[in-house]
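Here is the naming used below: chain letters follow the sequence lines, and residue numbers restart at 1 for every chain.
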Amino acid sequence: MRVPIKWLSDYVALSLPVEEIAQRLTMAGLEVTGIERTGEEWEGVVVAHVVEVSKHPDADRLSLVKVDTGSETFEVVCGAPNVAAGQNIAYARLGARLRDAHTGEKKKLKKAKIRGVVSIGMVCSERELGLSDEHDGILVLSESAEKGKPLGEVIGDTVLDIDMKPNRADGLSVLGVARDVAALTGQTLCEPDFAFEALGESVEARASVDIQAPDLCPRFTLAIIENIEIGPSPPWMQEALLGAGMRPISNVVDITNYVMLELGQPIHAFDYDKIVDHKIIVRRAQPGETLTTLDGKKRSFTSEQLLITDPSGPIAVAGVMGGLQTEVTDATKTILLEVANFNPVSIRRTAMSLKLPSEASKRFAWGIAPELAPMTSRRATKFLVELASGKAAKGLVDAYPEPMPPVSVTLAKKRIPQVLGIDPSEDTVISSLEALGFGVATKKDTFDVDVPYWRRDVQCPDDVVEEVARMVGYETIPAAPLAGRVPPGVPQPIRELRETIRDILVGAGMQEAITYPLTSLETLGHVVAADVLERVPPLAIVNPLNVGEERLRTSLRASMLQCVARNLRTTKGQLALFECARVYTPTSEPLPRESEHVVGAVIGARLDRFGNASAASVDFYDAKAYVERLAERLSVSLTLEASEEYGLLSGRTATIRTSDVDIGLVGQVHPETAAAFGIVQDVYLFEIRLDALLPHVPPVTHYQSFSKYPAVVEDLAIVVDREQTASSVLSEIQVHPLVASARVFDEYTGEQVPEGKKSLAIAVSYQAPDRTLTDADVAKARDKIVARLGARCGAELRS
Amino acid sequence: MFQGGTGTGTGTTAAALRAGGVGYVFWGTALVWRIRNGYTPGFTCEDATAMTVLSSIGEIAAKAREELASVRDEKALEAWRVAFMGRKSPLQSVLRSLGELDADERRDAGRAANELKNELDGALESKRDELRRAQIRRAETAGRIDVTLPGRPLAEGRLHPITQTQRDIIHAFTAQGFSVIEGPEVELDYYNFEALRIPKDHPARELMDTFYVDRSALGQGDDDSKLLLRTHTSPNQIRFMEKSDPPIRIICPGRTYRNEATDPTHEWMITQTEVLAVDEGLTLAHLKGTLFEFAKRLFGRERKIRFRCDFFRFVEPGVDMAIDCFLCGGKGCRTCKNEGWIEILGAGMVHPEILENMGFDPDIYTGFAAGLGVERIAMLRYGVDDIRHFYENDVRFLRQF
Ligand SMILES: [Zn+2]
């Protein structure tokens, strides 16, 4: 809501600087998001009088204009059709900085030769002054404007931009803002003048209204104004509209807009002579009905949309837009003025479905007090009489079948401290509320509060409490530390596991990423098999914002690979990224299942001592290392088993298991999948489902005593089939009770190892809890292990 | 834990093993002692008599002293020790042969042998010290390094700045007795709007452009169970109050979604933290105190806060909270748009109608709620000028935090 200060001061004396007023409004909930000063930028633009207009010798559409600034006269070439002798106009001297009418950029005005004639300075349009987009004609100033005066002093103003909140429908009016300004600065509101002389024949005999849908139209008024002369509105009204962000058009249109902005109630003017039988019927649309609206579009309606009709059919979409047929034109002589109250929901839906949001429909949708309709009609009629030489009909057609009862609220006195934590005096409460227009009757334990008609947002005691708080100021409320009972904690195991995993992976050198949960079927299709996508189709967004962001992801792998690809160009050496996030699986429940996963990816060359990318690239075991780190830190025993996974390279992919439950996978991304994301290098990833992992994570780690007797460590070299896994060999070794641990420290194929075989070097640590092992103990254990490996794994000692 | 993952190392390298290396090695079935540089003493002691024993001891002593003098490193010293003091050394042979002598001779020879043993022990020890000192001296001179060269690269990981900020926010509230709750991101219209007093067609819905989720994949679809991506974390207030009784103190961190185009100050994915407390006697002053403590923890103990009136359907009165600008100290700068104050969150007293709907008597219980935008707070803390940086995931950005 744009509120020009000059306009505001019509209703309230501004006793404080604008910044202070803005500050008080902001603190009271009418947030001033900008204070705009028009006029300051018009350096070098002054009021000038048009002395003479003549034709340009070489151009039909240009004229030569002689302007007088009071001290000098200049000749200017002007292309505007509306320039005429006798006008006061805005004259830009040479050197003024103006907006280019075509590009909108600011430029310094220089002397120019236009079709052979030298033009000194310029006569400005609204667009060149940055007032509006209008540049078909020049800006005509009021007759009283003083020649030579800087333009800023004549039409410059300060405009408050207020971010009005939807509860304050009354604030969508200059008068409404003035009410708060008056209350907040201790001034008295000066109500607008509604008085005019009605000389025409009574309206009741000449027009009627039939409300057939009272649920959608609580109140409807009609007024008639004859002898209208269409023309421009006066400069003060045009300036007010410009300041408020509306373009002046003609006196009738400007009056309806001005009064709407002033009081907050939209108005619609019909050409009285085009209304069949002068009879208005307010009803829901009938099947097949159409109307060509003011914008020239033919529209059809649903049976829930409210129309203004006459006996011949629709003439306007209630509260949204008028019909072309009954529009006020230059030829209009008599105006039928509609000021009505409509159901907010109905107007909002209609405006949205017809895609016709407007200042009017917004006000209807926010809710308008029905009391405003007759007042608004009188105010507009007064201006039509005064500014369009109209003759007003006596009386008003006012259909208000079920008057809305006034609102009153009983506020317990103790409620104020109970909510605010402060207890203002009764006098403070009463004067605060009265300043805002509330009526207050004080009882023993309560305030009986009458809510003014324009504040229907105030409905319950706490709404009144807020009004009191606004007036005494939120800054008077102290900051009290939270006391009282502390509720018991609520365990969140998944959250705690996720945060631990984040810490472990960061500690292991991975960088955390956070990606969007929305993706496309195509992208998901790179990492999820087609039959899976078909069986569990990812949830779709009805109204996506961006292409490629229309499905809720069922896998984190795609966004992780996108993330890797994005960083490849700028990364030298190794890139290790992870993300903890949710995937969304449709279920038969009302809500999908949201399960948390962690996904990590590693790619690139290992770094040498100086941080240079070395010749060696990361491989499967780098990705696996992160999984191992997680397992160690979480005290979970994990096993890996070679497996096949969609999008991963067979032979370099494994399922991660704990206690025979699949909890995730680790592997090399299939080169074709990687290529689909623009990655040509080998990239490895792991993914773990937190809900599957969680049951296997011990809540605490139990201390295990360690033997105080020394361990004997021997290295064992064996030869096995290539297919024999290291973990199967180790688990056979670990069966022996004296083996404290066993660890592979080399895998070797090549010379000295037969084809199809591999050599494993294993460090075996022997230890007993109760004694120092002798050479004989170790030799005996070793023999048993060697025999077992031979029998179970086909292992031979390397010779 | 992974099998085989916990072995203790031997220090023997695989390469050495392949080369037929060193140490106590189980190499096929043969168990072999090898002395690396094969030191062999030049004599044996077989015929044991008192004289020969004594002269042998003398010879051994002379030989040992002579050899020790030429020892230049630890390896040679170890070989020397094995040769002169090991199990198969001549001195050991002498000691073993003492039993063949008569008592007097045995005493003399024994004393001589023991003296020699003590002498050799001492010589070994001082030689070791000497070598160690020499090695340290070499390190100080020949081994001098350029201390200005960079350290070896360590793998570096960072938490996402939003995670870091979210954790700090959470901590500011858990320190005041709040528990952390999480809830679904795909939400029912009821929890996101209706239960929070934002009915269909209310203009307040325009403040939150919403992504709607197609229910048809779920095999059912009626208007009342409309699915959407939550536009704020406030639905968790309702979800928690439905199953809990006062006193309540919870915070609900999580991702939320708004269907609006991105620009330097707008993202369609926003991380929020919801705050809710319900109990007897809670007032706006407690809300102020709680948020003040949060602001001080995040932005410095000297922070000031400002409450002003604002509107949210589910609170009454509604509050907007600002902190004094920590960059300019309130004098006005670009970050605070010359206002000296930076608005950081919306809050208010829980609307009595909501408490009543949750089965709490609003004449007895009051509550407060607040909603914080984590990105906004992170932008302020880190001086990030464009919100879109957070989810572009450029590592050059992420590694700065
Ligand atoms: Zn500042």
Problem set entry | All side-chain contact (heavy atoms from CB on, under 4.5 Å) counterparts of B:D245, not counting sequence neighbours | B:F360
Problem set entry | Heavy-atom donor-acceptor pair, A:Q492 side chain to B:E182 backbone, under 3.5 Å | yes
For this session: Examine distances only and state if a side-chain atom of A:N567 and a backbone atom of B:V395 form a donor-acceptor pair shorter than 3.5 Å.
Result: yes
For this session: List for me each residue that meets salt bridge (charged side-chain N to carboxylate O under 4.0 Å, His left out) alongside B:E156, sequence neighbours excluded, and say none if there are none.
Result: B:R158
For this session: Supply the atom-to-atom distance A:E499 CD to B:T163 OG1, rounded to the nearest 0.5 angstrom.
Result: 7.0 Å
For this session: Check whether any side-chain N or O of B:K288 sits under 3.5 Å from a backbone N or O of A:Y474 as a donor-acceptor pair, and report yes or no.
Result: yes
Seminar exercise, completed: Cut-off 4.5 Å, heavy atoms of chain B, and the answer for A:R609 is both
For this session: Check whether A:P344 gets within reach of chain B through its side chain, its backbone, both or neither, counting any heavy atom under 4.5 Å.
Result: neither
Exercise. Can you tell me how far CD1 of A:I541 sits from CG of B:D214, rounded to the nearest 0.5 angstrom?
Worked result: 9.0 Å
Problem set entry | Engaged part of A:A513 at the chain B interface, taking heavy atoms whose separation is under 4.5 Å | both
Exercise. Which region of B:Q166, side chain (C-beta onward) or backbone (N, CA, C, O), has a non-hydrogen atom less than 4.5 Å from a non-hydrogen atom of chain A, or is it both or neither?
Worked result: neither
For this session: Rounded to the nearest 0.5 Å, what's the gap from CG on B:L282 to CD on A:Q418? Could you check?
Result: 10.0 Å
Exercise. Is there a donor-acceptor pair under 3.5 Å between the side chain of B:N259 and the backbone N or O of A:N543?
Worked result: yes
Exercise. Can you tell me if CZ on A:R593 sees more than 12 non-hydrogen neighbours from other groups inside 6.0 Å?
Worked result: no
Seminar exercise, completed: d(A:L552 CG, B:Y257 OH) to nearest 0.5 Å is 8.0 Å
For this session: For A:E512 and B:L159, indicate whether the former's side chain and the latter's backbone hold a donor-acceptor pair under 3.5 Å.
Result: no
Problem set entry | Spacing of A:R502 atom CZ and B:Q164 atom CD [to the nearest 0.5 Å] | 10.5 Å
Exercise. Less than 4.0 Å between a side-chain N and a carboxylate O, is that true for A:K165 and B:D320?
Worked result: no
Exercise. Which answer fits A:R415, side chain, backbone, both or neither, if we ask what part of it has an atom under 4.5 Å from a heavy atom of chain B?
Worked result: side chain
Problem set entry | Spatial distance of atom CD (B:E185) from atom CZ (A:R582) [nearest 0.5 Å] | 4.5 Å
Problem set entry | Set of salt bridge (charged side-chain N to carboxylate O under 4.0 Å, His left out) partners for B:E293, sequence neighbours left out | B:R297, B:R301
For this session: Take A:T26 and B:W341, measure what side-chain contact (heavy atoms from CB on, under 4.5 Å) needs, and give me the verdict at the end.
Result: CA-CA 12 Å; A:T26 297; B:W341 294 97; over 6 Å; no
Problem set entry | Interface residues of residues 306-313 of chain B facing chain A - non-hydrogen atoms under 4.5 Å apart | B:R306, B:F307, B:R308, B:C309, B:D310, B:F311
